[in-house]
Amino acid sequence: MSMSSQKPDFLGMLWDRNPVLVGLLGLCPLIGVTHSTISSLSLGLITIVVMVITSCVASLTRSISFGGARVTIVIMVSTASITLIDLLMGAYAYQLRQALGIFLPLVSVNSLVLARATIFASKNSTRSSVLDALIMGFSFALILVLLGTIRELLGTGALFANMHLLFGPKAQAWHLEMPFIENPLILASTPAGAFLITGLLIAVKNKVDSTSHVQRVNKAI
Amino acid sequence: MKVFVNVLLGGMGIVLTASLSVFCIEQTYLATKEKIQSETRRAKAKKLFEIFPQTTHDNDLATDTFPLKADTPLLELRKASTGYKARKNGEVIGIILPVTARDGYAGDIQILVGINQDTSVQGVRLLAHRETAGLGDRVDLDKSNWLLSMDGRSLKNTPREKWAVSKEGGEFDKLTGATITPKAILRATRRALEFAEAHYISMFESRNNLL
């Protein structure tokens with residue numbers, strides 16, 4: 001099978017090799033930014049953009065053997081793109097930029113970006129690499145948003161606060177208060193709670209995997 | 001020989017990437033500088049109007065300023081800053097002081113304290129902080145109403161020792177799981193009130209309401 005034009009395995013990347021639940025990559029932004037849906041969504045989208053840019057450049061230069069410098073160059077590309085996004089957001093999406101705080105620059109330490117760029121993009125066609133970055137980034141963003149929504153609901157007793165920062169003033173109406181949640185679980189808003197809920201998500205995934213494996217085995221019998 | 005070529009390519013690659021990156025960043029920085037500055041000013045002005053809404057004053061709050069040096073006593077500012085005056089019919093009906101709380105949990109907390117003519121707190125708003133997400137940062141208005149608990153308080157109705165959380169003998173609620181952040185803000189607000197008292201005449205431009 002030709003290495004430079006692998007067909008990306010969508011389902012595999014989303015489930016079997018999910019970057020967070022299986023690879024345990026990108027835990028820093030996961031814990032820090034998933035306190036609300038809007039933060040998770042924004043940072044997830046930004047991570048996808050950074051991954052596409054970085055993987056694209058890594059793939060375009062894949063025939064040049066930089067040796068040990070490849071990792072350095074990839075990191076420089078990802079951090080430069082984050083800096084550019086930071087500046088552009090400061091000018092055109094100031095409030096959202098403020099809401100993300102220190103976690104926008106911290107996308108640069110997200111191991112997922114470096115991992116995909118060096119492991120996949122540096123050895124595959126540009127088209128495959130961009131697709132890989134999109135799908136892996138999407139899988140990451142999916143878990144981010146899932147965790148963010150759970151933590152916002154449990155931790156603040158409301159849902160979809162501040163969505164207007166990304167979707168415009170009409171999105172203010174999306175804010176749903178849940179009056180039946182009288183005393184929110186503040187633990188869910190803390191980093192410790194984020195770790196716990198992530199662990200639970202991993203447990204759920206593992207359970208689903210083992211149950212479906214048992215079912216498949218039983219069917220074969 | 002191959003190793004040498006790799007090292008050479010690697011070095012050139014790094015230099016090229018670095019130069020290109022710096023160039024792109026510099027261009028973007030210059031292109032967005034003005035816009036970012038104006039957005040920052042707008043965000044700050046927004047906070048000023050949260051404290052003294054448009055209906056309460058008839059001057060241009062954001063530009064009616066007075067300078068405050070970095071070593072101004074009680075305010076503990078890290079660098080020179082400005083205070084703001086709200087006027088109605090020429091009379092100064094309120095001032096806004098920038099105060100820094102250096103005893104925050106994770107560093108400085110910068111706040112704005114709005115003070116009325118009668119030396120009571122009109123409102124307190126956060127400008128910048130690095131308090132723990134989910135714990136200390138719940139002092140922020142979008143997460144709780146704690147900041148509003150200081151509205152209307154003054155050194156007359158709340159003596160110095162009472163500017164603390166209830167478990168330390170004060171009269172203010174604490175935040176579950178976070179005491180250092182509210183403590184720092186309470187102390188900073190109290191210092192702002194003390195400053196206003198000491199400089200009442202120059203800031204409010206009159207002797208009315210003094211004592």
Side-chain angles (χ1 to χ4, degrees), chain A residues 31-36 38-39 57-58 61 63-95 97-99 101-103 151-152 155-156 158 161-162 165 175 183-184 186-194, chain B residues 2-47 106-107 126-138 140-144 175-178:
Chain A
I31 302 306
V33 95
T34 51
H35 50 81
S36 64
I38 180 70
S39 301
V57 172
T61 58
S63 36
I64 310 172
S65 59
F66 293 118
R70 173 160 285 270
V71 172
T72 310
I73 292 170
V74 167
I75 292 177
M76 255 199 274
V77 171
S78 72
T79 50
S81 28
I82 290 164
T83 309
L84 292 176
I85 293 175
D86 193 336
L87 289 171
L88 290 169
M89 281 186 79
Y92 301 110
Y94 187 83
Q95 273 195 299
R97 170 67 192 93
Q98 292 300 98
I102 198 176
F103 290 101
R151 287 182 68 200
E152 183 175 0
T156 65
N162 291 324
L165 293 178
H175 190 179
N183 289 308
I186 291 178
L187 177 65
S189 288
T190 68
Chain B
K2 183 144 193 281
V3 176
F4 177 72
V5 170
N6 275 354
V7 170
L8 195 67
L9 277 176
M12 278 167 38
I14 291 180
V15 168
L16 207 73
T17 315
S19 317
L20 250 148
S21 303
V22 169
F23 177 74
C24 290
I25 292 173
E26 183 186 11
Q27 292 306 305
T28 312
Y29 173 77
L30 292 172
T32 57
K33 193 165 139 189
E34 288 291 318
K35 193 99 196 337
I36 293 178
Q37 273 177 353
S38 87
E39 289 287 336
T40 316
R41 275 199 302 266
R42 227 160 50 102
K44 191 165 187 193
K46 200 161 159 276
K47 297 268 176 180
L126 296 179
L127 272 182
H129 69 88
R130 289 198 302 242
E131 303 301 271
T132 319
L135 286 173
D137 84 336
R138 279 181 9 254
D140 215 331
L141 264 187
D142 59 1
K143 300 194 176 76
S144 83
L175 286 175
T176 323

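Lettering follows sequence order; numbering is per chain, from 1.
For residues 13-39 of chain B, every residue pair satisfying the salt bridge (charged side-chain N to carboxylate O under 4.0 Å, His left out) rule, not counting sequence neighbours, is listed here: B/Lys35-B/Glu39, B/Glu39-B/Arg42.
Residue A/Gln98: no heavy atom, backbone or side chain, is found under 4.5 Å from chain B. For chain A, no part of B/Ala31 is nearby; none of its heavy atoms comes within less than 4.5 Å. Of the atoms belonging to A/Ile64, it is side-chain heavy atoms, and not backbone ones, that fall under 4.5 Å from chain B.
For the pair A/Leu84 and B/Ile25, the tightest heavy-atom approach, listed with the atom from each and the gap, is CD2-CA, 3.7 Å. A pairwise comparison of heavy atoms in A/Ser65 and B/Asn6 identifies OG-OD1, 2.8 Å as the closest pair. Nearest heavy-atom pair across A/Phe66 and B/Gly13 is CE2-CA, 3.7 Å. When all heavy atoms are compared, the tightest approach of B/Ile36 to A/Tyr94 is O-CE1, 4.5 Å.
From B/Ile14, atom CD1 reaches atom CD1 of A/Ile75 across 10.0 Å, with rounding to the nearest 0.5 Å.
Residues meeting the side chain to side chain contact (heavy atoms under 4.5 Å, CB included) test with A/Ala99, sequence neighbours left out: A/Leu165.
For chain A, the option among B/Thr40, B/Val3, B/Val7, B/Val22 with the highest count of heavy-atom pairs below 4.5 Å is B/Thr40.
Crowding of B/Leu30 atom CG: a count of heavy atoms from other residues, nucleotides or ligands under 6.0 Å exceeding 12.
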